[in-house]
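Remarks on the structure that follows.
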Amino acid sequence: MGHHDLDSLDKKILRLIAADARIPFLEVARVCNVSGAAIHQRIQKLANIGVLKGSQFIIDPERIGYETCAYIGLNLKNPADFDLVVEELRKIPEVVECHYTTGDYDMFIKIYAMNNHHLLDIIHDKLQPLGLSRSETIISFGSAFDRQLPIENILIEE
């Protein structure tokens, strides 16, 4: 992964696009007092080095029928199967995150299901066959907040 040194223009661009992902590049250029081409080049550079990981529309799972959000700690019968299990988890569309962890679990996943019955089906039919020794499910009642790292606080060094 690695840390990348960013100059003041990079940081200013990141602050602007983090605040409004739909801001036109020409507006970013105007605020930064550089050409639109310079902004395009900087955005491309930030994407190429992995600082920016694309842009996307965020779909509200509840609004499309996925009313249950759960976090599941997984323990594998055979930890050597870790990479294989991760690849199988990628094939389950309801699994939206998978984290390597320390502590009580081999990995920790975030999953969306239409309801608790659907969640049970996913756990029984899709997760258990992956070779789990055990799992622990925590159902989320709702998110208090969800945000990116606040660029304006960590990158101001101008």
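Start at 1 with the first residue, then count along the sequence.
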V95 reachable from L84 in the ILVMFWY side-chain graph, under 4.5 Å edges: no
Nearest atoms (heavy-atom pairs only) where L6 meets K11: O-CE, 3.1 Å
Any donor-acceptor N/O pair, D106 side chain to L76 backbone, under 3.5 Å: yes
Partner residues of F108 under the ring pair (Phe, Tyr, Trp, His ring centres under 6.0 Å) criterion, sequence neighbours left out: Y105
Side-chain donor or acceptor of D7 paired with backbone N/O of D10 under 3.5 Å: yes
Criterion side-chain contact (heavy atoms from CB on, under 4.5 Å) on M107 and L89, from CA distance to verdict: CA-CA 11 Å; M107 60 184 74; L89 288 169; 3.5 Å; yes
Taking only distance into account, with no hydrogens and no angle test, what donor-acceptor pairs under 3.5 Å do side-chain atoms of residues 110-127 form with protein atoms, sequence neighbours excluded?
residue	atom	partner	partner atom	Å
K110	NZ	Y112	OH	3.4
N115	OD1	H117	N	3.1
N115	OD1	H118	N	2.7
N116	OD1	T68	OG1	3.4
H118	ND1	M114	N	2.8
H118	NE2	E94	OE2	3.4
K126	NZ	E94	OE1	3.3

Linked, directly or transitively: Y66 and I92 (ILVMFWY side chains, under 4.5 Å): no
Heavy atoms of other groups near I59 CD1, more than 12 under 6.0 Å: no
Heavy-atom closest contact (L74 atom, I72 atom, distance): CD2-CG2, 3.5 Å
Closest heavy-atom pair and its distance - L132, K77: O-CE, 3.3 Å
N33 atom CG, neighbour heavy-atom count above 12 within 6.0 Å: no
Sequence-distant partners of D104, salt bridge (Lys or Arg N to Asp or Glu O under 4.0 Å), two or more places apart: none
